[in-house]
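Data block below; observations after.
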There are 2 protein chains.
Amino acid sequence: MLADRRLLVAGLALYDAVMNVIYVFYVSRPMDKFEVKLDQAARAAWMSYIGGMTQDEIASQLGVSRPGVQRLLALARQEGLVKVHIDHPISNCMALGSTLRDYFGLTYCEVVPADNHAADSAASYLAVAAAERIAQLIERSEPLTLSLGTGRSVRAAVEALSRVERPQHRFVSLVGNVARDGSANRYDAVMVMADKTGGERFLLPAPVVAETLAEKEAMLTQRLFKAIADVARESEAAFIGIGRIDRQATLFQDHFISESELDELLGLKAVGELLGWPLNRDGEVIDCSITRRVTSLPLERFGKHHMVAIAGGHEKAPAILAALRGGWLKGLVTDEVAARQIVEAL
Amino acid sequence: MLADRRLLVAGLALYDAVMNVIYVFYVSRPMDKFEVKLDQAARAAWMSYIGGMTQDEIASQLGVSRPGVQRLLALARQEGLVKVHIDHPISNCMALGSTLRDYFGLTYCEVVPADNHAADSAASYLAVAAAERIAQLIERSEPLTLSLGTGRSVRAAVEALSRVERPQHRFVSLVGNVARDGSANRYDAVMVMADKTGGERFLLPAPVVAETLAEKEAMLTQRLFKAIADVARESEAAFIGIGRIDRQATLFQDHFISESELDELLGLKAVGELLGWPLNRDGEVIDCSITRRVTSLPLERFGKHHMVAIAGGHEKAPAILAALRGGWLKGLVTDEVAARQIVEAL
DNA sequence: TCATCTATCGAACAAATGATCGTACGTAAG
DNA sequence: CTTACGTACGATCATTTGTTCGATAGATGA
């Protein structure tokens, strides 16, 4: 034990002069070569990352060339000697976001931190985050055509936007804003948006789900309807909500579909809805009597568009997952709760 | 004179209260802006350090300019959001550390690598290492009482800590923070600590060394002083510096003792100082006219505490050795230079 | 309400980092 | 002993990062 220590101290004394005789070490104990390197690497990493020294300083300190330090640092990283941790709640969100982005091939995915205590504040985060994204688009002065879906999230996002004078932009709704009873939704997201920017507004004068097939046909052939659909087709990006399919579904609560229709969808294993198109858990549009009467633009149309969904919350997770699986989305703004649930389900 | 001091103490208490109010005010509302910034900073840091993105990519992602990202990253580092850990036992330091630990029966001893040329960067290593240790303690949510000494090392360690909301903790200074001339040290380590955590602060309203024995007696019997001393006694751990006794001694440089007093200590073979208590080379507290006027809590009191010293550097080695020999310490964070010198002196 | 002041932002520049390539040295086979 | 191969090193260049300075917008106070 004591001899051991003596040896160690002697070794330490030697260490400073070691640079030029390293190979002596490794001739006598070849296995130590890599060890010594790793040791050096750790030292270099320490100086660089914690000490904040430049590679030149480290080089002169360690007695190697600057590229040598470069290689040591690369080695240290490659060997996983350097552990970086971001000490902030956002860190989790970022990790979740990039997982989702990579897995589903999204252009971007933003995950906002969810407050477990106050569910409403989480919704507000979502809105602000989405609003920022939208703001980036409408900020520019060249004319822009933007599509908007329905739903509380989209509404909230649009409301979180600040006023900017952009009369050259056009905003078009992808979903009919007429309820069964014929009443129009005065405060559609498109309305708010156009009010805030002074841009043009295009509303789909139709119910989400027509009463009959014939009614739908009549809608689709209307000149006005076609004109608006054309505008929608020109839009560069679309911000839409994702709906659940259950008793609390917006589609049902707002009387766009009847109770029996809801039951029919549930029977067909619908878990979510995009612009009124019901999706099964794999994200495929369910073909049924209801689907055939949906007046929204077909999802396939949006392949080339930048379709961004805004949705969050525990209960929405299955619906979001379905939409992702279907590959309909290019972007997603969600919250930590939903993101975590989705990642765990993968 | 005495009245003067009273006034001062009262003033200090008031000052403290005011600072607390200001702090709370600052935290509750206008901090929102700062919070958002930190969020952004954390995002940027994540993308940069974990995501491996370039600053240009991050800039376009976050919608700010590249220099903006630069500032965010700087903020993240400054606020301690970015924790870098080198996951490799650097053999030298490990060896030195375990030697010291075994020899002096310490609970732990951490030796950070130091470079002989740039002494200031060594101080930074020390700070980070010590900060990690402190962080482990304050991390927990049960109320904690922590003592802090003075000195640059302790200050730096506390500053290297990241912000954590821990209003339930209490921080108390073991050394008076009033200089001879009556001026109070506004940025005591305890202050910084409390600012970072939102915890309670307890400052010893006294000079380290009283002018006269009578003055010391007056201090010790003050209600406020006794109250704070009681809190200190309840603390579970103490992080303190180790002072040298020579022309460069902090105690002398900061006018806590006069030149003649310094000479007296040198004549009595003092080599170091712990909380103001001078030690000879065997670590025994030197009994002299000065010692009798020291207002800090007696070292014997800390027998059961977890007393950890933070000190490094060539010149501090004799003082550290003395403190170790005296058996006052349970833990030590030092640097390679000092550790090697101590090991060689054994 | 206006003037001034300060904090913030982005353009441009300087420094540092990461990557590529040619060279030289050591090793092993012919 | 020579030659061919592989490895590691360091000069050089492109890219990325950090800093400085002037401009701008919002805040503050008269």
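Predicted model only: the values in this text are computed from it and were never measured. Lettering of chains follows the sequences in order, A, B, ..., and the numbering in each one begins at 1.
Because its NZ or CZ atom is not both nearer than 6.0 Å to the ring centre of B:Tyr49 and within 45° of the ring axis, B:Arg77 does not count as a cation-pi partner of that residue.
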Open item on the list: Assess the residue pair A:Val192 and A:Arg155 against the criterion (side chain to side chain contact (heavy atoms under 4.5 Å, CB included)); give the C-alpha distance rounded to whole Å, side-chain angles, the decisive distance to 0.1 Å, and a yes or no.
Closed with: CA-CA 8 Å; A:Val192 178; A:Arg155 243 325 269 295; 3.9 Å; yes
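Spacing between atom CG of B:Leu75 and atom P of D:dT17 amounts to 18 Å, rounded to whole angstrom units. Put simply, CG on B:Leu72 is 12 Å from P on D:dG18, counting in whole angstrom units. Nucleotide C:dG10 holds its P atom 12 Å from the CG atom of B:Leu62, rounded to whole Å. A straight line from CG of A:Leu73 to C1' of C:dG18 spans 11 Å, rounded to a whole angstrom.
B:Ser48 places no side-chain N or O within 3.5 Å of a backbone atom of B:Ala44 that could act as its donor or acceptor partner.
Interface remark: the A:Arg71 side chain does not form any donor-acceptor pair with the C:dG18 base, using a distance-only criterion of under 3.5 Å.
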Using atom names, set out every protein N or O paired with an N or O of nucleotides 14-17 of chain C below 3.5 Å, distance rounded to 0.1 Å.
{"unit_1": "C:dT17", "atom_1": "OP2", "unit_2": "A:Gln55", "atom_2": "N", "d": "2.8"}

N/O donor to acceptor pairs below 3.5 angstrom from side-chain atoms of residues 59-66 of chain B, sequence neighbours left out:
{"unit_1": "B:Ser60", "atom_1": "OG", "unit_2": "B:Glu57", "atom_2": "O", "d": "2.9"}
{"unit_1": "B:Ser65", "atom_1": "OG", "unit_2": "B:Gly68", "atom_2": "N", "d": "3.3"}
{"unit_1": "B:Arg66", "atom_1": "NH1", "unit_2": "B:Gln55", "atom_2": "OE1", "d": "2.9"}

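No salt bridge links B:Asp188 with B:Arg201; every basic N to acidic carboxylate O contact stays at or beyond 4.0 Å. Between B:Glu159 and B:Arg152, none of the side-chain N atoms (NZ, or NE/NH1/NH2) sits under 4.0 Å from a carboxylate O, so this pair counts as no salt bridge.
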